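What follows is a short report on a single structure.
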Amino acid sequence: MPVHNAEIAEMFDQTAELLEIKGDNPFRTRAYRRAARVLEGLPKSAAAMLSAGEDLAELPGIGHDLAGKIASIVETGKFDVLQSLKRELPGDLGEIVAIPGLGPKRVKVLIDELGVRSIEDVRRAVKSGRLNELRGFGPKLQKNIAAALAKPVAVKRFKLPFAEAEATALIEWLRGGLDGGQVVVAGSFRRRRDTVGDLDVLATSANAAAVGDRLAHYENVAQVIAHGPTRTTVVLRSGIQVDLRVVEEKSYGAALLYFTGSKAHNIALRNIAVDRGWKLNEYGLFSKTRSIAGAPEAEIYKKLGLQFVPPELREDRGEIALAQKNALPKLVQLSDIRGDLHVHSNWSDGDAPIAEMAQAARARGYEYMALTDHSRRVTVAHGLDRARLLRQIREVDRLNGKLRGFTVLKGVEVDILADGSLDLPDEVLSRLDIVVAAVHYKFDLPRDEQTERIIRAMDNPRVSVLAHPTGRLIEERGPYDIDVDRVMKAAKERGCCLELNAEPDRLDLTDVAAKAAKALGVKIAISTDAHSTAGLAYMRYGVDQARRGWLEPDDVINTRPLRELKKLIRR
DNA sequence: GCCGTTTTCGGCCCGACTGTTTTCAGTCG
């Protein structure tokens, strides 16, 4: 059973946490955390890199020591450093440090003075009043801890449409209290991550306190966490946290840069500034106390000798080195998209007739749309059998006869059966313009079986695109257990494309996987999987994710005019 | 633990807010 990068990253994060509690060298703990982030952003599994003879120490943030530790984890599945730390500091310490206000230092005090090992121990300590004996645990902190214990906040991330709705209403409210000035959402929202943990809002005003006050008085605020002169943190009724930062106009670019992150990207930029004898913070780029740049974000990159880095790339995954060489990818944009290659109609589980979907796609400025209703096995979606699909083909032919300057591609989302065969006979599939294949049942097959099932489906040369390749549903269902490396290599060998499903509950492939696909030369279809005319609008989420995966127009098949597209989807 | 035209040791991003304490540590982003 190969060890996933995410598992190694988790081991390193836990190690960092325990080292922090021990009071170890903070730069050592940071090294573990940085390595964890690097592993998460790696396009290939460390295990595969090692077996290919690659030297992990060449990765940024990973030296010979950690490279050796990763190799040992890959080999044994265990991390001896973490195991001995756990013996030294037993219990569920991770849960305890997750309580707001309890960091490593205070947890150490709880362990040493009261022998606390679990959240239950903390609860008992609060009730018994034993915290009063401890230095640094005043009445307010105790009250906050008690409140957090009473209402444990589930660690949750929010999907983009929800975050957008919350952000739009909030920004409107904040703008209502400003005469001019900027109000923008930065953070992972601006970087267009598939989910956001909170909303980082940046405003410019000469009267920072007034903006903070206005946030605190927003009707949807459930709780004010912190409220200082330039920074205010609240939790909205919906559970999402909002961090507001207010700066003067002259610092807007620097503050936007700082508040957009990612943290790793910021640290890398600040290090470049330090190398030049400067200082970069949220107020500007400074030489001693003299400001060199600050208002437009782009100017800061320029002064640091860097090409402007689009927010989607700011993850410290190699973008800075490329920006230094003026060699960043020219990322795909929504306006590059010429059609949608995964669309349902009311013939299966969609809401609208084919003609309406086509009309809506055309209204988006597209040249084509692939109609890909479900196949018969997907009974809950009224999947099409041979006879109905043949009827649908005739209907699409009739419709295309009436349309001018727009083409409905005849297609299907054919179900991949448990043994990797397809749910419709080749004789029918061969009459279509495009075949999109997908798994909808049997998510729990063992890894090898699941991987081979999918590869076998791609063995069929009629299959043009593998839809939602990992099957994940964000915050609901993890990916099915497949060897993504193998699936991608198989797709490359067979000339099959992979889908980046733009539906914001899916966003499947992930950013990291899309980047890996590009590295292998696998072409991507960004498709909405729309089940209604409104669903076609999800395309922008798919493009955002593709940009995070470093994709350029050439990597994406549905940026091509119809004639060129057709060459790519028939094998 | 990483890293290097300030190199193999001695640095390591930078600042806001809270609570407790009396000048600042801890936490958080």
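For clarity, every value in this text was computed on a predicted model and none was experimentally measured. Throughout, protein chains are lettered first and strands after them, A, B, ... in sequence-line order, and every chain is numbered starting at 1.
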Subject >> Of the listed nucleotides B:dG1, B:dC28, B:dG15, the one nearest the side chain of A:Phe27 >> reply: B:dG1
Original post:
Distance check: side-chain N/O of A:Gln241 vs OP1/OP2 of B:dG29, anything under 4.0 Å?
Top reply: yes
Original post:
With sugar-phosphate meaning primed atoms plus P, OP1 and OP2, does A:Gly261 contact a base, only sugar-phosphate, or nothing at under 4.0 Å between heavy atoms?
Top reply: nothing
Original post:
Counting only heavy atoms not in A:Glu248, do more than 12 sit closer than 6.0 Å to its CD atom?
Top reply: no
**OP:** Answer yes or no: does a side-chain N or O of A:Arg28 lie under 4.0 Å from OP1 or OP2 of B:dG1?
**Re:** yes
Original post:
Taking only side-chain nitrogens and oxygens of A:Arg30, does any of them come within less than 4.0 Å of OP1 or OP2 of B:dC13?
Top reply: yes
Original post:
When we call it a touch if two heavy atoms are under 4.0 Å apart, what does A:Leu269 touch: a base, just sugar-phosphate, or nothing?
Top reply: nothing
Original post:
Within less than 4.0 Å of OP1 or OP2 of B:dG15, is there a side-chain N or O belonging to A:Asn281?
Top reply: yes
Original post:
With both distances under 3.5 angstrom, what nucleotide forms a Watson-Crick or G-U wobble pair with B:dT8?
Top reply: none
Original post:
Looking at A:Lys263, does any N or O in its side chain come under 4.0 Å of the phosphate oxygens OP1/OP2 on B:dC14?
Top reply: no
Original post:
How many Å lie between CZ on A:Arg106 and C1' on B:dA25, as a whole number?
Top reply: 8 Å
Original post:
Think A:Thr230 has a side-chain N or O under 4.0 angstrom from the OP1 or OP2 of B:dC17?
Top reply: yes
Subject >> Closest nucleotide among B:dA16, B:dC2, B:dC14 to the A:Lys279 side chain >> reply: B:dC14
**OP:** Could you tell me whether A:Tyr258 and A:Tyr283 have their ring centroids closer than 6.0 angstrom?
**Re:** no
Original post:
For the side chain of A:Leu66, counting heavy atoms from C-beta on, which of B:dG1, B:dT18, B:dG26 is nearest?
Top reply: B:dG1
**OP:** Could you check which of B:dG1, B:dT18, B:dA16 has an atom nearest any side-chain atom of A:Ala31?
**Re:** B:dG1
Subject >> Within 6.0 angstrom of A:Glu75 CD, more than 12 heavy atoms from elsewhere >> reply: no
Subject >> Closest to side chain of A:Arg270, choosing from B:dG29, B:dC13, B:dT20 >> reply: B:dC13
**OP:** Identify which nucleotide among B:dG1, B:dC13, B:dC28 has an atom closest to any side-chain atom of A:Asp65, counting heavy atoms from C-beta outward.
**Re:** B:dG1
**OP:** Answer yes or no: does atom NZ of A:Lys159 have more than 12 heavy-atom neighbours from other residues, nucleotides or ligands under 6.0 Å?
**Re:** yes
Original post:
Taking CG from A:Leu131 and C1' from B:dG19, how many angstroms apart are they, rounded to a whole number?
Top reply: 15 Å
**OP:** For atom OH of A:Tyr541, decide whether the heavy atoms of other residues, nucleotides or ligands shown that lie under 6.0 angstrom number more than 12.
**Re:** yes
Original post:
Would you say A:Asn144 reaches B:dG19's phosphate, i.e. side-chain N/O to OP1/OP2 under 4.0 Å?
Top reply: yes
Original post:
Between A:Val107 and A:Val274, who's closer to the 5' end of DNA chain B by nearest nucleotide?
Top reply: A:Val274
Original post:
Are there more than 12 heavy atoms of other residues, nucleotides or ligands under 6.0 Å from atom CD of A:Glu88?
Top reply: yes
**OP:** Ignoring backbone atoms, test whether A:Tyr258 places a side-chain nitrogen or oxygen under 4.0 Å from the OP1 or OP2 oxygen of B:dA16.
**Re:** no
Original post:
Given atom CD of A:Glu20 and atom P of B:dG1, what is their separation to the nearest angstrom?
Top reply: 15 Å
Subject >> Sugar-phosphate only, base, or nothing, as touched by A:Pro229 at under 4.0 Å among non-hydrogen atoms >> reply: sugar-phosphate
Subject >> Candidate list A:Arg33, A:Arg30, A:Arg28, test side chain to side chain donor-acceptor pair (under 3.5 Å), partner A:Glu20, passing option >> reply: A:Arg33
Original post:
Which nucleotide in the list B:dT20, B:dT27, B:dC14 gets nearest to the side chain of A:Leu141?
Top reply: B:dT20
Original post:
Considering only B:dG26, B:dA16, B:dG29, which nucleotide approaches the side chain of A:Tyr283 most closely?
Top reply: B:dA16
Original post:
Taking only N and O in the side chain of A:Lys105, is any of them less than 4.0 Å away from OP1 or OP2 of B:dG26?
Top reply: yes
Original post:
If we take the P atom in both B:dC17 and B:dT22, what is their distance in whole Å?
Top reply: 23 Å
Original post:
Side chain of A:Asn25, base of B:dG1: donor and acceptor closer than 3.5 Å?
Top reply: yes
**OP:** When you get a sec, tell me which of B:dG19, B:dG15, B:dT27 is the closest nucleotide to the side chain of A:Pro104?
**Re:** B:dT27
Subject >> Phosphate-side-chain proximity, A:Lys108 and B:dG26, N/O vs OP1/OP2 below 4.0 Å >> reply: no
Subject >> Candidates B:dC13, B:dT20, B:dT27 - which lies nearest the side chain of A:Ile267 >> reply: B:dC13
**OP:** Please figure out whether A:Ile99 or A:Val81 has its closest DNA chain B nucleotide nearer the 5' end.
**Re:** A:Val81
